[in-house]
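This report concerns only the one structure given below.
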Amino acid sequence: MSNITIAWIALPLFLGFVIYLLPKLDKYLALFVAFASAGYALQLFLTQSPLTLQLLDNFGVILTVDQLSAYFILTNALVTAAVILYCWHSEKTAFFYAQLIILHGSINAAFACADLISLYVALEVSGIAAFLLIAYPRTDRSIWVGLRYLFISNVAMLFYLVGAVLVYQAHHSFSFEGLRVAPPEALALIFLGLLTKGGIFVSGLWLPLTHSESETPVSAMLSGVVVKAGVYPLVRCALMVAEVDPIVRTFGVGTALLGVFYAVFEKDTKRMLAFHTVSQLGFILAAPSVGGFYALTHGLVKSALFLITGALPSRNFKELQHQAIAAPVWIALVIASFSISGFPLLSGFGAKVLTTKNLLPWQAIAMNIAALGTAISFAKFIFLPRGGKAEVKPGFWAAIILLIGGLFLANIAYYEAYTVENIIKPLATIGIGWLAYLLIFKHSILKLPRVLEQFDHLIGVMSLILILLFWKGFAWLGI
Amino acid sequence: MLEACIFATIFCGFFGIILKKNLVMKIISMDVMSTGVIAYYVLIASRNGLFTPIISNVKNIRYADPVPQAVILTAIVIGFSIQALMLVGVMKLARDNPTLESNEIEKNNTP
């Protein structure tokens, strides 16, 4: 099993460069890597005990894979496969597929490692590959958006490095376990890096612009898995070191509310989805012990939604309300929207119920409000007119069937959810959300300012978050 | 004292990123910041001693810790490649925009 793990981590990086040498085989190799990852993840579900590898003594690379990482790896595999299928008949060059596979491999590595330095390397490689994918169209805007992304993630990772060496000083190794004995400033610095990279709370407001201005398949990839590379280590830390659990949960609740607040008032489809990603990441963090299943559901549904919005005739909700969209596209859109609002028979329901069961009492009210906001913001999609005709790309349906099929299949992971009281609550939430949408939010013209999303402000907010983490968080808890 | 100097370098870089308007200056500030971080690793490594850990005839000298130094090599390479990539991006932007002011570019390129 340990040999398989190492081969599986090396495979995407190796094949990513082979694609350059054999550009004719690009799609096939890329798809093969995605399926190999899916196979590996399914195998992980079958093994009960977590597998820990320590390469080169206790200073070296530490890898840990268990069921939690299996969920994340499966998400990565399915979303990558869907994106490749979507691009199958397009004019993308071998360069695109090579970057896609390198991105896939680096994120896999981030989901497997359990020490701070391999995590740093994995995150930085994923940042570079994501930049190249965002800047792939070579327009001014795409280059600027990519540059901004790279800049913010690199500055955050510099703070993270300072935190990592402080952990080393205290524990004489870089493993996550060292966080227990690390000084509070080390925790604050590491958390700042991961929060920014993962798009959590105020420091994550770089995310909406980056995700909404990239190309359709790239946004699906970014929103589906790339941000989870920053979230997974937070979840892992919260599970390994019980002292940081309250901090992670607090940030989860804050993010869930902030993201959904913006999403409810947003008038642009892709920006609404991007803000909603911020909110859903909060749900993953709010209950770290079951975050894996939620991440799987969210990855599938959000990449499906991004691919579908790419097929809609406009990005503006106001225009879409007067323009009929094709019935099959509408059905796919509604299934995905239902799943994310927590409608039974789709895995979004199981994930929501499971998360609600694992919340602490003080979180419950805030998370219910966030769930209500989800229902309101997705009512915008559900109440669109239908009946028109739409031209979709040839690979579109293959990708959507894979993702939505995954949503139905993922139900079996938590079939205990289907009790009467569990079913009534999400239905009530959706009903109230729809009412609120039809009565109030459909007519609201409030436009939220974008001051916080300016480049300088995003960098400046990092220092504020750092101070907040240090004084109000860790020092207060007395770690 | 050394530690204070290193933190001053990191903060100089960080505030440079916020306060400088020119994109190239911003990238150079980021480099200053990463220099500070690298220096901090070297400082932490030298806590126990300054000698390189290589087998020689001298006995019982105080070695520097090789682990942080080895680790920071990776970070140097990554930082360098990111810098190169960003400068290429800025070059392409500068060809189409008459300015390198970040807020001008931001105004032109956000919807």
Side-chain angles (χ1 to χ4, degrees), chain A residues 57-60 115-118 120-121 123-125 127-128 131-132 135 138-148 150-155 157-166 168-169 172-174 209 212-213 268 270-271 315 450 453-463 466, chain B residues 6-7 10-11 13-21 23 26-27 29-31 33-38 40-45 47 65-68 70-72 74-75 77-79 81-97 102-103 105-111:
Chain A
D57 207 19
N58 62 332
F59 302 119
D115 71 308
L116 295 167
I117 290 301
S118 12
Y120 168 78
V121 175
L123 289 182
E124 285 287 35
V125 172
I128 295 174
F131 166 78
L132 290 171
R138 301 286 190 278
T139 59
D140 262 10
R141 179 179 288 182
S142 66
I143 291 178
W144 164 247
V145 169
L147 207 60
R148 181 172 168 275
L150 195 59
F151 217 119
I152 290 164
S153 82
N154 197 37
V155 171
M157 290 322 275
L158 285 175
F159 281 117
Y160 171 91
L161 269 182
V162 178
V165 79
L166 289 172
Y168 178 79
Q169 204 178 14
H172 290 286
S173 86
F174 284 110
L209 183 79
S212 60
E213 292 309 314
D268 181 298
K270 282 185 93 175
R271 274 178 68 81
R315 274 180 59 176
R450 293 191 187 178
E453 289 178 46
Q454 278 167 21
F455 178 72
D456 294 342
H457 294 217
L458 286 171
I459 303 265
V461 157
M462 279 187 205
S463 56
L466 195 61
Chain B
I6 286 169
F7 283 132
I10 295 179
F11 278 113
F14 183 67
F15 286 115
I17 295 171
I18 300 178
L19 298 175
K20 287 284 175 194
K21 290 276 173 246
L23 261 183
K26 272 187 199 281
I27 292 177
S29 307
M30 198 184 78
D31 194 31
M33 190 175 162
S34 76
T35 309
V37 174
I38 292 161
Y40 194 52
Y41 269 73
V42 175
L43 182 74
I44 296 253
R47 282 284 157 82
D65 190 348
V67 177
V71 159
I72 203 63
T74 329
V77 174
I78 291 175
S81 48
I82 286 185
Q83 213 125 57
L85 201 58
M86 283 167 93
L87 286 171
V88 171
V90 170
M91 224 171 73
K92 290 206 69 138
L93 276 180
R95 199 170 290 164
D96 302 332
N97 290 283
S102 66
N103 41 6
I105 295 177
E106 184 160 35
K107 213 188 295 166
N108 294 338
N109 289 312
T110 34

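The chains referred to below are lettered A, B, ... by the order of the sequence lines, with proteins before strands, and numbering in each begins at 1. Side chains included, hydrogens not; waters and symmetry mates left out as well; all remaining heavy atoms used.
Heavy atoms of A:Leu161 lying under 4.5 Å from chain B belong to its backbone as well as its side chain. The parts of A:Ser463 that come within reach of chain B are both its backbone and its side chain, each placing non-hydrogen atoms under 4.5 angstrom from that chain. For B:Thr74, the part lying under 4.5 angstrom from a heavy atom of chain A is the side chain only. Both the backbone and the side chain of A:Asp140 come within less than 4.5 Å of a heavy atom in chain B. Contacts between B:Ile18 and chain A at a heavy-atom distance below 4.5 Å involve backbone atoms as well as side-chain atoms. Residue contact with chain A, scored on non-hydrogen atoms closer than 4.5 Å, involves the side chain of B:Arg47 exclusively. Contacts between B:Asn103 and chain A at a heavy-atom distance below 4.5 Å are absent for every atom of the residue. Using a 4.5 Å cut-off between heavy atoms, B:Lys20 makes no contact with chain A at all. When heavy atoms are compared at a cutoff of 4.5 Å, B:Ile10 approaches chain A solely by way of its side chain, counted from C-beta outward. Neither the backbone nor the side chain of A:Arg271 comes within contact range of chain B, judged by heavy atoms closer than 4.5 Å. At a 4.5 Å heavy-atom cutoff, the contact between A:Leu158 and chain B is made by backbone and side-chain atoms alike.
Residue-environment remark: CZ (B:Phe11) stays at or below the threshold of 12 foreign heavy atoms within 6.0 Å. Within 6.0 Å of the CZ atom in B:Arg95, the count of heavy atoms belonging to other residues, nucleotides or ligands does not exceed 12.
Relative orientation of the A:Phe159 and B:Phe14 rings is perpendicular, given thresholds of 30° and 60° on the angle between their planes.
Considering CG of B:Leu23 and CG of A:Leu147, their distance stands at 6.5 Å, rounded to 0.5 Å. For the atom pair CG (B:Leu43) and CD (A:Gln169), the distance works out to 8.5 Å, reported to the nearest 0.5 Å.
With chain B as partner, the option from A:Leu150, A:Asn154, A:Val165 having the largest number of non-hydrogen pairs under 4.5 angstrom is A:Val165. Counting heavy-atom pairs closer than 4.5 Å to chain A, the top-ranked of the candidates B:Ile38, B:Leu19, B:Ile78 is B:Ile78.
Between B:Val77 and A:Glu124 the shortest side-chain heavy-atom distance does not fall below 4.5 Å. A heavy-atom distance below 4.5 Å is not found between the side chains of A:Ile143 and B:Met91. Looking at B:Leu85 and A:Leu132, their side chains come closer than 4.5 Å, going by heavy atoms from C-beta outward. Residues A:Tyr168 and B:Val71 have side chains not in contact (no heavy-atom distance under 4.5 Å, counting atoms from C-beta outward). The shortest side-chain heavy-atom distance between A:Phe151 and B:Ile27 falls under the 4.5 Å cut-off.
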- request: Start with the C-alpha gap between A:Asp456 and B:Lys26, add the side-chain angles, then the distance that decides, and say whether side-chain contact (heavy atoms from CB on, under 4.5 Å) holds.
  value: CA-CA 10 Å; A:Asp456 294 342; B:Lys26 272 187 199 281; 2.9 Å; yes

